2 protein chains.
Amino acid sequence: MDITNAPVAFSALSQPTRLDVFRLLVKAGNDGMLSGELGQRLNVRQNTMSANLSILLQSGLIRNERMGRTIRYFADYDGIHGLLAFLMEDCCGGKPEFCEPLIDQITCTPKEHKEDNDTRYLS
Amino acid sequence: MDITNAPVAFSALSQPTRLDVFRLLVKAGNDGMLSGELGQRLNVRQNTMSANLSILLQSGLIRNERMGRTIRYFADYDGIHGLLAFLMEDCCGGKPEFCEPLIDQITCTPKEHKEDNDTRYLS
DNA sequence: TCCATATATCATGAATTATTGATATACTGA
DNA sequence: TCAGTATATCAATAATTCATGATATATGGA
């Protein structure tokens, strides 16, 4: 997986099923959800869900882990943080020292992991 | 102008020129920017810029004001706040009382205007 | 090794979106 | 009222995206 730009991520979120998937994963937190579970929950066919999950994966907003026969998907908070930081860059009147901690908070970035933050979107 | 859903807003941000416009307006803050100014700055033809601004307007992420012959565009913080709140709903493990103030902060929502917040995206 | 389950990939057609040249509208000042 | 500037709309083509049926791959258990 290799994300290079923000339009790809927003494009991923622009499709209703994918937005639903993303929000379910945000709510699911560390538990994540299985691919099949998402398909059942949202009443989406298997190959359609697979294609949509693939697009979300490429966007860097979610990640996955194979658990035996099944694959579990999670919201990727680093990716989310990077995207929102890019989107709202200088949002507080060009005072990043004021704005950045707030972006950390909205994306639930723990202070002790701040050095791992995704900066791919930042210019 | 009447925005009804989040996919429209993310779709608006999924196009590179529109994302650039949005970010310029976020940075510009209360000064906003003229349509022609945006076109020059991003090297985009007049009618293309007009079409893209129209799409951003429909998304509720920006607003405009005619000033004589020119039209000035601004980031719409209420719209932005509503979208991000919807996107990250329950992001902190289903504890909105912890999460919501952070969303207010990232979108620079002043406390005294909280009652005006856009809730169109919230379920 | 064979079967069943879970997920991914492929090819296709339908629908949507983006850009452009041309033209229309809105406003200002002379 | 006319000319000029700023912006919007229209029509058309090109490009992209979507969901789907069919099929392939990966894993686990008997």
Side-chain angles (χ1 to χ4, degrees), chain A residues 1-22 24-25 28 31-74 76, chain B residues 1-22 24-25 28 31-74 76:
Chain A
M1 178 175 44
D2 178 46
I3 311 169
T4 52
N5 56 36
V8 169
F10 288 118
S11 179
L13 294 174
S14 73
Q15 206 278 334
T17 298
R18 290 196 297 265
L19 183 55
D20 285 342
V21 166
F22 177 82
L24 283 175
L25 294 180
D31 296 338
M33 288 180 75
L34 300 180
S35 171
E37 200 175 356
L38 288 162
Q40 275 195 306
R41 175 74 165 270
L42 298 175
N43 202 28
V44 169
R45 289 169 199 243
Q46 186 270 319
N47 56 356
T48 299
M49 180 54 73
S50 175
N52 280 322
L53 285 170
S54 167
I55 289 169
L56 279 166
L57 276 178
Q58 288 179 335
S59 79
L61 295 172
I62 71 172
R63 58 187 175 79
N64 66 3
E65 261 177 48
R66 181 173 276 278
M67 325 269 285
R69 249 194 293 232
T70 67
I71 299 182
R72 191 168 287 272
Y73 286 82
F74 305 88
D76 184 327
Chain B
M1 175 175 45
D2 178 46
I3 311 169
T4 53
N5 56 37
V8 169
F10 289 118
S11 179
L13 294 175
S14 73
Q15 206 278 335
T17 297
R18 289 195 299 263
L19 183 55
D20 285 343
V21 166
F22 176 83
L24 282 176
L25 294 179
D31 296 338
M33 289 180 75
L34 301 180
S35 172
E37 200 175 357
L38 287 162
Q40 275 194 306
R41 175 75 167 269
L42 298 175
N43 202 28
V44 169
R45 289 169 197 244
Q46 187 271 319
N47 56 356
T48 299
M49 179 55 74
S50 175
N52 280 323
L53 286 170
S54 167
I55 289 169
L56 279 167
L57 275 178
Q58 288 179 334
S59 79
L61 295 172
I62 73 172
R63 60 189 173 76
N64 65 3
E65 260 177 50
R66 180 173 278 277
M67 325 269 286
R69 249 194 293 234
T70 66
I71 299 182
R72 191 168 288 272
Y73 286 83
F74 305 88
D76 183 328

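A note on names: the letters A, B, ... follow the listed sequences, proteins ahead of strands, and every chain is numbered from 1. Since the model is a prediction, treat every value here as computed from it, not as a measurement.
- B:S59 and B:A9 get closest at one heavy-atom pair: CB-CA, 3.7 Å.
- For the pair A:R72 CZ and D:dT27 P, the computed distance is 17 Å after rounding to whole Å.
- Shown for residues 10-19 of chain A: residues whose heavy atoms fall under 4.0 angstrom of DNA chain D, namely A:Q15, A:R18.
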Would you tabulate the pairs of protein nitrogen or oxygen atoms and nucleotide nitrogen or oxygen atoms of nucleotides 23-30 of chain C closer than 3.5 angstrom?
from	atom 1	to	atom 2	distance (Å)
C:dT28	O2	B:R69	NH1	3.2

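- For A:R18 (side chain) and A:A12 (main-chain N/O), a donor-acceptor pair under 3.5 Å exists by modelled atom type.
- In this structure, A:I55 atom CD1 and D:dT17 atom C1' are separated by 8 Å, rounded to whole Å.
- Rounded to whole angstrom, the span from the CG atom of A:L57 across to the C1' atom of C:dT7 amounts to 12 Å.
- Of the listed nucleotides (C:dT20, D:dT7, D:dG21), D:dT7 has the atom at the smallest distance from the side chain of B:Y73.
- Contacts with DNA chain D (heavy atom under 4.0 Å) in residues 32-45 of chain A: A:R45, listed by number.
- Heavy atoms of A:S50 sit under 4.0 angstrom from at least one base atom.
- Taking OG1 of A:T17 as the reference point, atom CG of A:L56 lies at 10.0 Å (rounded to 0.5 Å).
- Rounded to the nearest 0.5 angstrom, A:L42 CG and A:L24 CG are separated by 5.0 Å.
- Atom CG of A:L61 sits about 8.5 Å away from atom CZ of A:F10, to the nearest 0.5 Å.
- With values rounded to the nearest 0.5 angstrom, A:N47 atom CG is found 12.5 Å from A:S54 atom OG.
- When all heavy atoms of B:G32 and B:R72 are compared, the closest pair comes out as O-NH1, 3.7 Å.
- The closest side-chain heavy-atom distance from A:I62 to A:L57 is below 4.5 Å.
- Whole-Å rounding puts the B:M49 CE to D:dT9 C1' distance at 17 Å.
- The side chain of B:T48 lies closest to C:dT19, out of C:dA6, C:dT19, D:dA19.
- Distance, B:L53 CG to D:dA8 C1': 11 Å, rounded to whole Å.
- In this structure, the side chain of A:R41 does not engage the main chain of A:V21 through any donor-acceptor pair within 3.5 Å.
- In this structure, B:Y73 OH and B:M49 CE are separated by 9.5 Å, a value rounded to the nearest 0.5 Å.
- Rounding to whole angstrom units, CG of residue A:N52 and P of C:dA8 are separated by 11 Å.
- Going from atom CG of B:L25 over to atom CG of B:L53 covers 7.5 Å, rounded to the nearest 0.5 Å.
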